[in-house]
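The next block holds one structure in the form of structure tokens; read it before the comments.
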Amino acid sequence: DEGVTWRTISPDLTAFKPEYQVRSGQPITNDITGEEHYSTLYEIEVSLHSPDVIWTGANDGPVHITRDGGQSWQDVTPPDMPPNGRIDAIEPSPHTPGKAYIAGHRYLLNDWRPYIYRTTDYGQTWTLLTTGENGIPTDYPTRVVREDPDREGLLYAGTEYGVFVSFDDGAHWQPLQHDLPPAPITDIRVHRKDLVLSTMGRGFWILDNLTPLHQADAQIAQSEAHLYQPNDAYRMRYRADQGDEPHAPEYLPPGAVIDFYLAETPNEEVTLEVMDSQGTVVRAFSSLADDEGSAAAPYNQMDAPTPVEESVGALEAEAGMNRFIWDLRHPGTWDEDGRSSYGPLAAPGNYQVRLSVGDWSMTRSLRLNIDPRVAADGVTVAHLEEQLDLNLRIRDAISGARRAAHDMASHIDRLQAAVDDGARAEGDVEPVIEDLQALHAQLVTEDTGSYPPPMLIDQLQYLYGMTTRADQQLGRDAFTQFETLRTELDDLLDTWSTMLQRHQVLSEASE
């Protein structure tokens, strides 16, 4: 009844040796925290397979089990584990009844050996999983062991100096340290396919997305390249960066986590493409692109590349495990420096991910789900698909307007330079420059610092910001406003096209 009443279901399950039942902290001061109380149960775990199966571990050595809800108990302490150690963790297997793991240590007694045991028969027999020769060093005391709930025999061990992983039920161990500091690991939990742990330094750490460990096997280890099946992603909006505070938490950026393996750092280009369910490329990333630009050709007025070609993002591809996070966005708007990264968010649905190294490629499916909190507020996938369609149309309108403004400004500069150099008579060129400046002024807001009225590009950008900043059902006014602005832009671009055909000096300037 949630703690309203209690009843005793066991005898004392500790060793409770009389010689250790003394006041702690003597002869100078008494311990007042209670931490130094010996003969205490440090671990109580109930089996996931039966509520009547309960395991206990004490800080003075014994391990006990009941299989009848506490009516009777058995001492099942591993016979070869030295006495008086601390049983810090018990892990009943989430996969197999009767199977359990324990982790203990005796370093407070100057015994620094690791102690992790496994039983498959409710503690009747035990197997030592830390021999000192199978991965965990002989002087790494062990505090905790956990079995992955999604893959049987995948174990995580927390030691005095970091984390280890075993893919074969404890027969072999290897470090899983990465950027984790070499601190004592006090506890481990697997939660929603993430590895969560605490350290003695009062820190909490998360290894996001254990999918690669669930899929890893000998065949993958022997392959030249491999693309892991990604987990479902959720379309979410939050800020991962917590600023410049030295101890601010680090959060995984929102997006789809994509893991791949390369046996060696390739000399060839490595590409990662995200495609929709029809196979159309939504975003592309390349090992040849840098953080600032794209591997694709720059904008050319006569043969403009697609938004995806313009916005090829950077991809790190090195020997070993690689993790990439697609931010779920389409290419952003065009400007003179390339495509911005702030494109519209992809709509929930089915996607594909393709990894290519030279002539080799592998494709995996990827599911993008709606944020359940948004769905609870009445927003549907259909609303987000409609939002995306409008966002892409506004994005392309902004890009077209910026290209036109860029070309007009370039022509103005070239024509003015021709006049200044004496290559053109001012009377022949000045009317054309004035027409170009008037057309350009309809696109670009005057930079006067006195709150001038926003021109067409700024009006489109404002609408773009209002319709991309949240997962929402758009009001009809957004569509009406866009059609009005799109009509104005089309008329302006027609005028620009006519000017290019009418004025010979513009054609010559283009050459």
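Treat the numbers as computed from the prediction; the structure is a model and nothing was measured.
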When you check the gap from the basic side-chain N to the acidic O, do Glu386 and Arg476 get nearer than 4.0 Å?
yes
Could you check whether any side-chain heavy atom of Leu355 comes within less than 4.5 Å of a side-chain heavy atom of Ile258, counting everything from C-beta outward?
no
For His105, the option from Thr142, Asp88, Thr159 that meets side chain to side chain donor-acceptor pair (under 3.5 Å)
Asp88
Could you go through the side chain to side chain donor-acceptor pair (under 3.5 Å) check for Thr211 and His214 one step at a time?
CA-CA 5 Å; Thr211 296; His214 297 158; 4.9 Å; no
Within-4.5 Å side-chain heavy-atom neighbours: Tyr122 and Pro97
yes
Quick one: does any side-chain atom of Asn134 pair with a main-chain N or O of Ala171 as donor and acceptor, under 3.5 Å?
yes
Is it the case that over 12 heavy atoms from other parts of the model lie below 6.0 angstrom from the NE2 atom of His95?
yes
Taking the side chain as every heavy atom from C-beta outward, state whether Ile398 and Trp334 have any pair of such atoms under 4.5 Å apart.
no
As a test of understanding, state which of Leu213, Asp217, Leu155 forms a side chain to side chain contact (heavy atoms under 4.5 Å, CB included) with Phe167.
Leu213
Would you check, one step at a time, whether the test side-chain contact (heavy atoms from CB on, under 4.5 Å) holds for Glu318 with Thr265?
CA-CA 5 Å; Glu318 301 177 348; Thr265 301; 4.2 Å; yes
Value rounded to 0.5 Å, distance of CG in Leu463 from CG in Asp458:
12.5 Å
So, are Glu483 and Arg393 salt-bridged, with charged N and O less than 4.0 Å apart?
yes
In this structure, are over 12 heavy atoms from other groups packed under 6.0 Å from Glu152 atom CD?
yes
State, with a plain yes or no, whether a side-chain heavy atom of Glu269 is found less than 4.5 Å away from one of Ser286.
yes
Asn267, CG: over 12 other non-hydrogen atoms inside 6.0 angstrom:
no
Tyr462 atom OH, neighbour heavy-atom count above 12 within 6.0 Å:
no
With a sphere of 6.0 Å drawn around OH of Tyr238, does it hold more than 12 non-hydrogen atoms of other residues, nucleotides or ligands?
yes
Indicate the ring-plane relationship of Trp112 and Tyr107, choosing parallel, tilted or perpendicular according to the 30° and 60° boundaries.
tilted
Neighbour count above 12 (heavy atom, 6.0 Å) for Asp179 CG
yes
Centroid-centroid under 6.0 Å between Trp496 and His411 rings:
yes
What I want to find out is whether Arg486 reaches Asp490 closely enough, with some N-O distance under 4.0 Å, to be called a salt bridge.
yes
Sub-6.0 Å ring centroid separation between Phe285 and Phe324
yes
Does Arg373 CZ have over 12 foreign heavy atoms under 6.0 Å away?
no
Partner of Glu91 by salt bridge (charged side-chain N to carboxylate O under 4.0 Å, His left out), out of Arg118, Arg146, Lys99
Arg146
Among side-chain atoms of Asn350 and Arg367, is any donor-acceptor pair under 3.5 angstrom?
yes
Return yes if some donor-acceptor pair links the side-chain N/O of Ser166 with the main-chain N/O of His172 below 3.5 Å, else return no.
yes
Any salt bridge linking Arg237 with Asp371? Criterion: basic side-chain nitrogen under 4.0 Å from a carboxylate oxygen.
no
Keeping Ser223 on the side-chain end and Ile220 on the backbone end, is there a donor-acceptor pair under 3.5 Å?
yes
